[in-house]
Amino acid sequence: MPVLTFHQAINAALREEMRRDERIMVMGEDVGHVGGVFRVTEGLQQEFGEERVVDTPLNEIGIVGAAIGMAMTGIRPCIEIQFSDFIYPAFDQIVNELAKVRYRSGGQFSAPVVVRTPYGGGVRGGHYHSQSPEAYFVHTAGLTTVIPSNPADAKGLLKSAMRSEDPVIFMEPKRLYRSMREEVPEGEHLVPLGKARIAREGSDATLLCYGAMVPICLEAASRAAESGTELEVIDLRTLWPVDIESILASVRKTGRVVVVHEAPRACGYGAELVAQIAERVIEYLQAPVVRVTGLDTPFPYTLESHYVPDAQRVLTGVQRVLKY
Amino acid sequence: MPVLTFHQAINAALREEMRRDERIMVMGEDVGHVGGVFRVTEGLQQEFGEERVVDTPLNEIGIVGAAIGMAMTGIRPCIEIQFSDFIYPAFDQIVNELAKVRYRSGGQFSAPVVVRTPYGGGVRGGHYHSQSPEAYFVHTAGLTTVIPSNPADAKGLLKSAMRSEDPVIFMEPKRLYRSMREEVPEGEHLVPLGKARIAREGSDATLLCYGAMVPICLEAASRAAESGTELEVIDLRTLWPVDIESILASVRKTGRVVVVHEAPRACGYGAELVAQIAERVIEYLQAPVVRVTGLDTPFPYTLESHYVPDAQRVLTGVQRVLKY
Amino acid sequence: METKVVLNPEDLRPTSRFLRPAHYASNGSNGMVQMLGNEGSQATRQPEIAAEDLRAMYDWMVRVRAFDTRMVNLQRQGRIAFFVPSTGEEAAQIGTAWALRPEDWVFPAYREQGVALFRGYPLDALICQMMGNAQDYMKGRQMPDHFGTPRIRFMAASSPVGTQIPHAVGGAWSARLRREASVSVVYFGDGATSTGDFHAGMTFAAVQQLPVVFFCKNNGWAISLPYAKQCRAEHLSDKAIGYGMPGVRVDGNDVLAVQAVASEAIEWARSGNGPVFVELITQRMGPHSTADDPTRYRPNELLEPWKQKDPLHRFRSYLEGRGLWTEADETRAWAEADARINAAIERVEPVGPPPLESIVEDVYAEVPWHLREQLDELKREG
Amino acid sequence: METKVVLNPEDLRPTSRFLRPAHYASNGSNGMVQMLGNEGSQATRQPEIAAEDLRAMYDWMVRVRAFDTRMVNLQRQGRIAFFVPSTGEEAAQIGTAWALRPEDWVFPAYREQGVALFRGYPLDALICQMMGNAQDYMKGRQMPDHFGTPRIRFMAASSPVGTQIPHAVGGAWSARLRREASVSVVYFGDGATSTGDFHAGMTFAAVQQLPVVFFCKNNGWAISLPYAKQCRAEHLSDKAIGYGMPGVRVDGNDVLAVQAVASEAIEWARSGNGPVFVELITQRMGPHSTADDPTRYRPNELLEPWKQKDPLHRFRSYLEGRGLWTEADETRAWAEADARINAAIERVEPVGPPPLESIVEDVYAEVPWHLREQLDELKREG
Ligand SMILES: Cc1ncc(C[n+]2csc(CCOP(=O)(O)OP(=O)(O)O)c2C)c(N)n1
Ligand SMILES: Cc1ncc(C[n+]2csc(CCOP(=O)(O)OP(=O)(O)O)c2C)c(N)n1
Ligand SMILES: [Mg+2]
Ligand SMILES: [Mg+2]
C-alpha cells in the first residue's frame with residue numbers, strides 16, 4: 001500500500017472517482033490551474049481538463065448554487081470552499097436550497113453535491129482561517145456531515161460521499177493535510193458513511209472525537225495508559241446522522257465520557273452528544289459527560305494554542321470524569 | 001396600562017426608543033412606507049421621516065452590512081429581516097462581521113446592531129416562512145440572542161436590546177403578533193437581557209421554553225394542574241448568554257426537566273440546555289431531561305401541526321420525566 | 001387602426017446583431033422591443049407564427065388568466081390558504097414558454113403558473129399543490145405556488161428570492177457537460193436583481209459563456225418597493241453590461257415581441273453564443289400575494305395606463321384585426337378554461353392530506369434512524 | 001523626454017463632466033485616466049500640488065515599499081508568521097490616501113498598509129500587529145495585515161473578501177445621518193467585485209446616493225485567478241453602469257492620475273452627488289501572500305511590462321525631470337525609511353504575547369459568566 005499524506009489521500013479519492021464516473025466535476029476558487037491553495041486538487045485539471053476542473057470567480061453563492069443546479073440535472077459536483085470560514089456567503093444556498101431540494105420537491109429532485117472544505121486550527125490562521133463550523137450543518141436537516149481523521153479514512157469517506165445520493169458537507173482537518181502520512185489502500189477503498197470507528201479500545205472512559213481531535217485524543221490515551229488508565233477513543237467520522245449505536249455501546253462499557261472538539265461549546269456538536277447520551281443511557285453514566293472544546297469566543301491568533309484542545313486539556317477532562 | 005398586541009408592543013418600543021435616541025434608525029424590506037409585512041413598523045416613517053426609517057433594496061447582505069458600518073461609526077440601527085428564513089444570505093455578515101467586530105479590533109470598534117426578525121410556525125408558511133434558526137446564533141460567539149414570549153416582555157426586551165452595546169438577534173414569534181394582547185407598561189419599561197422569568201411556579205417538573213412555546217407550555221401546565229401536577233414554566237427570554245442560575249434553581253427544586261422548542265432537535269438549543277444541566281446539577285436529576293422539539297426535517301406545510309410542539313406533546317414529555 | 005413595428009426585421013433573424021454584446025453593451029438605454037402597438041394597435045409585419053398557433057397562444061393566455069382568477073377566488077373562500085397571482089404577466093409567461101423546447105430547463109420563481117401549465121404541468125396536480133394534498137407532487141410540503149416536476153423540466157420553486165438564478169446557471173453548465181443541446185431559462189423579478197444570487201449567477205454564466213437565458217420580469221414592484229428604490233440604473237438591462245453579456249429590453253405585455261426576443265435569445269444561447277439577459281417590462285396588476293394589500297402603497301392612477309396595456313386585450317385586438325379571433329372564440333375560450341379548472345377542482349378537492357409518515361421522508365434518500373425514531377415519537381404523542 | 005496628459009484640464013474641476021453618470025454610463029469602454037507617461041515620461045500639465053508635497057508623496061511611496069520589503073523579509077526569517085505584500089500598489093495607495101481628509105473613513109482590505117501608515121497608523125503599532133503581541137491594538141487576535149484603529153478612522157480589516165464594502169456604505173450613510181461632511185472610502189480587489197457583498201454595497205450606495213467612493217484595485221489577480229476568469233466585462237468600471245453610478249478607470253501606477261481622480265471622486269461624493277466607482281489598474285508584483293508561489297500560475301513575461309511601469313520609478317522620473325528629486329534624495333529617503341522601520345522592529349520585537357485573560361475579553365462589552373468560567377477552566381487545565 002502506498003504511503004500518502006492526508007491531502008494526497010483526498011487527491012487520490014477525487015482522481016479515482018473522476019475516472020470512474022464521468023458525471024463528476026470539481027470546482028472552486030484556485031482549485032484548477034494551481035490545484036488549490038492546499039494543493040489538494042493538484043493535477044486534476046491536467047488530467048481531466050478545464051471543463052471538469054474549474055477555477056471559479058470569487059463567489060461562494062455561485063459555487064454552491066451552480067453545483068445545486070448541476071446536481072439536479074445529472075452532474076455530480078464535488079466543490080471546494082477554500083476555507084470553511086468562507087462558507088457563510090453560501091449559507092443560504094446550503095441551508096435553504098441544498099439541504100431542502102429533495103424534501104421540498106416531494107423527492108422528485110435531489111442535489112447530491114459534495115462540499116469539501118478545510119476547517120480547524122493549528123495553522124496560525126486566526127479568526128478567518130481556523131473555524132470549525134460543523135454544528136451549523138448538523139443542525140440543518142438534510143445534510144450529511146463528515147469529518148475524517150486520517151488519510152485512509154479521508155480517501156474512503158470521500159469516495160463514499162461522492163457516491164452518496166444526498167448532499168455531504170465534507171470537512172477536512174487542514175492541520176493534518178501534510179503532517180499526517182500513512183498507508184492508504186489503493187483503488188476501491190470505501191468507508192461507509194454513518195459508521196464510527198473505535199480508534200483505540202479501552203474500558204475506563206470514552207473519548208468521543210473526530211477530525212483533528214482524534215490524534216490529540218489518541219495522544220491523551222497513550223499518556224493515560226502510562227499511568228494505567230485505558231481510554232476508549234471513538235472516531236465518529238460521520239457527525240450526522242451519527243452512529244449512535246457505537247457511541248452507546250462504548251458508554252455502556254465505560255460509563256464515563258469526554259467529548260472533544262475545537263469548535264465553540266455553546267450549541268456545539270458536543271451538546272448534541274451529551275443530550276443523546278443523557279436521553280438514552282443516563283443510567284450507565286458514572287459521571288456527567290465532560291466537554292473539552294474551543295472557547296465561546298472568535299478564534300484567536302496569538303493565543304491559539306490555548307484555544308484548541310490539546311492532550312493536556314483532554315486529560316484534565318478525563319480526570320474530571322474519573323474522579324467524579 | 002394600555003392593552004397592546006404583540007406587534008403593537010414592539011412598535012411602541014421602537015417608537016419610544018427612536019424618540020429618546022436620535023442615533024437610532026430602522027431599515028429593512030418594506031418596513032417604511034407600508035410599515036412592514038406584519039405592520040410592526042407601521043407609522044414610524046410617518047413620524048421619523050424617510051431618513052430614519054428606510055425601505056431597502058432586496059438584499060439582506062446590504063441590510064446587515066450597512067448596519068454594521070453605521071454602528072461602527074455612531075448610529076444605532078435596528079434592522080428587520082422580513083422572515084428569519086431569509087436571514088441566511090446575511091449569515092456571513094452576521095457570523096464573520098457583526099459578531100466579531102469587537103473582538104477582532106481589540107475592543108476598538110463595536111457594532112451595536114439589533115436584528116429584529118419574525119420566526120417560527122403557526123402561520124401556514126411552510127419551509128420558508130416558519131423556521132426557527134436560533135441555534136445558529138447561540139453557537140456564534142459575540143451575539144446575544146433574545147426571544148420574547150409576550151407583549152410586555154417584547155417591549156421591555158427590545159428597549160434593552162436597543163440600548164445594548166452588543167449586537168442582538170431579536171427573534172419575534174410571528175404567530176403571537178396579533179393573537180396575543182395584554183397590558184403593557186407605558187414608557188420606561190425595561191426588561192433586562194440575560195434574565196429569565198418564572199412564568200408559572202411549580203414543583204413537580206420544570207418546562208424550559210421561550211417565545212411561542214411559552215403559551216403552549218403554560219397551557220400544558222394548566223392542564224397538568226387539573227390532575228394535580230404542578231409544573232414550573234421558565235421563560236428564558238435571553239437564550240444566550242443564558243440565565244443559568246434561574247435554570248439551575250428550578251432544576252434543583254423539581255429534579256425533572258422538559259425542554260421545549262420548535263426548532264429542529266439535532267444540535268438545537270435544547271441540546272445545550274441538556275448539556276448545561278447535566279454538567280452542573282446532574283445529581284439533582286431524577287430523570288433524563290426530555291426534549292420536545294420540531295423534527296429534524298425541513299418545516300412542512302400541510303403537516304405543520306404535527307411538526308410544532310403543542311400542549312399534548314409537551315404533556316407526553318412531562319409524563320416521560322415523571323414516570324421515569 | 002394604426003400599425004407599427006418597432007423591431008427591425010433584421011432583428012428577427014436567429015443570430016441578428018440585436019443580440020451582439022457590443023450592440024447592447026454600448027447602448028445601455030436602448031429602446032424597448034415591441035411588435036404590438038399599445039392598446040390593441042396592429043403590427044404590420046407579421047410574426048413567423050402560423051395562424052393556428054397565434055390563436056393557441058391567445059387561448060393559453062386566457063387559460064392562465066382564468067386560472068389566476070379562480071385561485072384568488074378559492075383563496076378568498078378559504079379553500080386554499082394562499083396564492084400568488086400573475087395577472088398582467090401572461091404575455092411574459094406564454095411568450096417565453098412558447099420559445100422553449102421540451103428539452104430546455106425552467107428555473108422558476110413563484111409567479112410562473114402559466115409557464116408550468118403551458119409546458120404540461122397537469123392542472124389537477126397544480127391545484128393539488130395549491131391544496132397541499134396527498135396527490136401534490138411536492139407531497140404537501142410547500143406553500144401554494146412552490147411547485148415543479150422533472151416531467152416537464154420545471155424545477156421545484158423555493159421562496160428565497162433569487163436562489164434559483166445560480167441553479168439555472170448550473171443547469172446550463174450541466175447541459176454543456178452532458179453534451180445536451182438544451183438551454184436553461186430562469187425567471188425572476190426586478191427585486192431579485194438586487195440579490196447576491198443574481199450577481200453570482202450573472203458572473204458565472206458570463207465567464208463560462210453558458211447556455212442560459214435570464215428572464216427578468218420587471219413588474220415594477222418588490223412587494224411594496226418601487227423600481228426607483230431598488231435600482232438606480234435607468235434600466236435593469238443596463239446591468240448586463242457590467243457582466244459582459246447582451247441585455248435586451250422587451251415590452252413584456254406584448255406577447256409577439258416577447259416570443260420573438262425569447263426565441264432569439266434562447267437560440268442564441270443554444271448556438272453556443274453565451275447567456276442573454278432579457279428584461280420584460282410589465283406590471284403586477286394584482287397584489288404581491290393574497291396576503292398583501294397593494295392599495296396601501298400603489299396609487300390607483302398608476303394602474304390605469306397599464307390596464308390599457310393589458311396583454312390579453314392587446315393581443316386579442318391584433319388577432320381580431322387579422323380576422324383570427326371572434327367574439328364567439330372569446331366566449332368559448334373562457335368557457336372552456338373555466339370548465340377545465342372547475343372540473344379539476346372538483347376532482348382534487350376531496351383528496352386528503354399526505355400521510356403522517358411522509359413527514360420524515362425525502363429528508364435523505366433513505367429515512368435515517370433518528371427520523372424513524374422521531375416519527376415513532378410523534379405517533380405515540382399524537 | 002516626451003510629455004503627455006490624457007486627462008482633460010476640464011476634468012480636474014470639482015464637478016467636471018467626467019464624473020457625470022451619463023458620460024460614463026454611455027461609454028463603458030472609455031479610456032483610462034493617466035497623467036504620467038509610461039516608463040517615466042513627463043506630464044506637461046503640472047498637477048495642482050506644491051513641489052514639497054510632490055516630494056513628500058514620493059517619499060511616502062518609498063516608505064511603503066521599504067515596509068513591504070522588510071516585512072516579507074521578517075516573514076522569511078520566521079519573525080512574523082505571514083504577510084500580504086502590496087509592492088506595485090504604492091501609487092494606488094498613496095494617491096488615494098492623499099486625497100482623503102482626516103475626517104473621512106477608510107474601510108480597507110488586507111493590502112492597504114500604505115494607506116494606514118500615511119494616515120498616521122504608528123509604525124510601532126503596525127509591526128506589533130504583524131507580531132500579534134500585547135501592544136497590538138488588535139490585542140493579537142488577528143493574522144498579520146488585519147489591523148485598524150478609530151484613531152485614524154481606519155476600520156479593522158477582516159479576511160472574508162468584500163465584506164467591508166457594505167460597511168463602507170453604512171459608514172457613509174451614518175455620516176449623512178449624523179450630518180458629518182465626511183466621505184467613506186473602501187478598498188478592495190478585482191476578485192472582490194464578484195462577491196455578493198460588492199453587489200449589495202453598490203446597489204445600496206447608488207439607491208441612497210451616499211458619499212462613498214469605491215476604490216477597486218484591479219491588480220489582475222485573485223490569488224491565481226486572472227481577470228478574464230473573474231469577469232467577462234471588458235472593464236470592471238463597466239459594472240458601475242448597471243448601478244447607475246459613475247465609473248472611472250485610472251492608471252493605478254500613476255500617482256498623479258490616482259490623486260487627481262481620487263480627489264475629484266471624493267469631493268464629488270462629499271458635495272452630495274452620490275457614490276463613485278474608481279477602478280485602479282495595477283499589478284500585484286509579489287505573491288498573493290507569503291504563503292503563495294505565483295510562479296506556478298503567472299508567467300514571468302507577464303510581469304516584465306509592469307516592471308517598466310513601476311509606480312515609484314515612473315514618479316521618480318517625473319520628479320527628476322522637474323528637478324525636484326536627486327540621487328541624494330533617493331539615498332536619503334531609503335535610508336531614513338529603513339532606519340525608521342528597523343528602529344521600530346527593535347522596539348517592539350521584545351514585547352510579549354497578550355495576557356491569557358485577554359482571550360475572553362471583547363467578545364461582549366462585559367465578560368459574561370460563561371466566558372469567565374471558560375477562562376477559569378483554561379487556567380486550571382493549562
Ligand atoms: C431572500 C429573500 N428576502 C426577502 C424575501 C421576502 N419577499 C418575498 S417576495 C419579495 C419581493 C420580490 O420581488 P420581485 O423579485 O420583483 O418579484 P415579484 O414578487 O415582483 O414577482 C420579497 C422581498 C424573500 N422571499 N427572500
Ligand atoms: C469570501 C472569501 N472567499 C475566499 C477567500 C480566500 N481568498 C483570500 S484573498 C482571495 C483573492 C482576493 O482577490 P482580490 O479581491 O483581487 O484582492 P487581492 O488579493 O488581489 O488584493 C481569496 C479567494 C476569502 N478571503 N474570502
Ligand atoms: Mg417585481
Ligand atoms: Mg486582485
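- Residues that satisfy the side chain to side chain contact (heavy atoms under 4.5 Å, CB included) test with A/Ala141, not counting sequence neighbours, are B/Pro298, C/Val363.
- Of the listed residues (A/Ile277, A/Val274, A/Val290, A/Ile87), the one with the most heavy-atom contacts under 4.5 Å to chain B is A/Val274.
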Using only distance (under 3.5 Å, no hydrogens or angles), which donor-acceptor pairs connect chain B and chain A?
unit_1, atom_1, unit_2, atom_2, d
A/Asp85, O, B/Asn96, ND2, 2.9
A/Asn96, O, B/Tyr128, OH, 2.6
A/Asn96, OD1, B/Gln131, NE2, 3.0
A/Asn96, ND2, B/Asp85, O, 2.9
A/Arg104, NH1, B/Tyr128, OH, 2.6
A/Tyr128, OH, B/Asn96, O, 2.6
A/Tyr128, OH, B/Arg104, NH1, 2.6
A/Gln131, NE2, B/Asn96, OD1, 3.0
A/Tyr136, OH, B/Thr140, OG1, 2.5
A/His139, ND1, B/Ala266, O, 2.8
A/Thr140, OG1, B/Tyr136, OH, 2.5
A/Ala266, O, B/His139, ND1, 2.8
A/Cys267, N, B/Glu272, OE1, 2.7
A/Glu272, OE1, B/Cys267, N, 2.7
A/Glu272, OE1, B/Arg291, NH1, 2.9
A/Glu272, OE2, B/Arg291, NH2, 3.0
A/Glu279, OE1, B/Arg291, NH2, 3.3
A/Glu279, OE2, B/Arg291, NE, 2.6
A/Glu279, OE2, B/Arg291, NH2, 3.3
A/Arg291, NE, B/Glu279, OE2, 2.6
A/Arg291, NH1, B/Glu272, OE1, 2.9
A/Arg291, NH2, B/Glu272, OE2, 3.0
A/Arg291, NH2, B/Glu279, OE1, 3.3
A/Arg291, NH2, B/Glu279, OE2, 3.3

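- Of the listed residues (B/Pro264, B/Ala266, B/Pro288, B/Ala275), the one with the most heavy-atom contacts under 4.5 Å to chain A is B/Ala266.
- Between A/Cys267 and B/Gly268, the shortest heavy-atom contact is SG-O, 3.7 Å.
- Within the 4.5 angstrom heavy-atom criterion, only backbone atoms of A/Val289 (N, CA, C, O) approach chain B.
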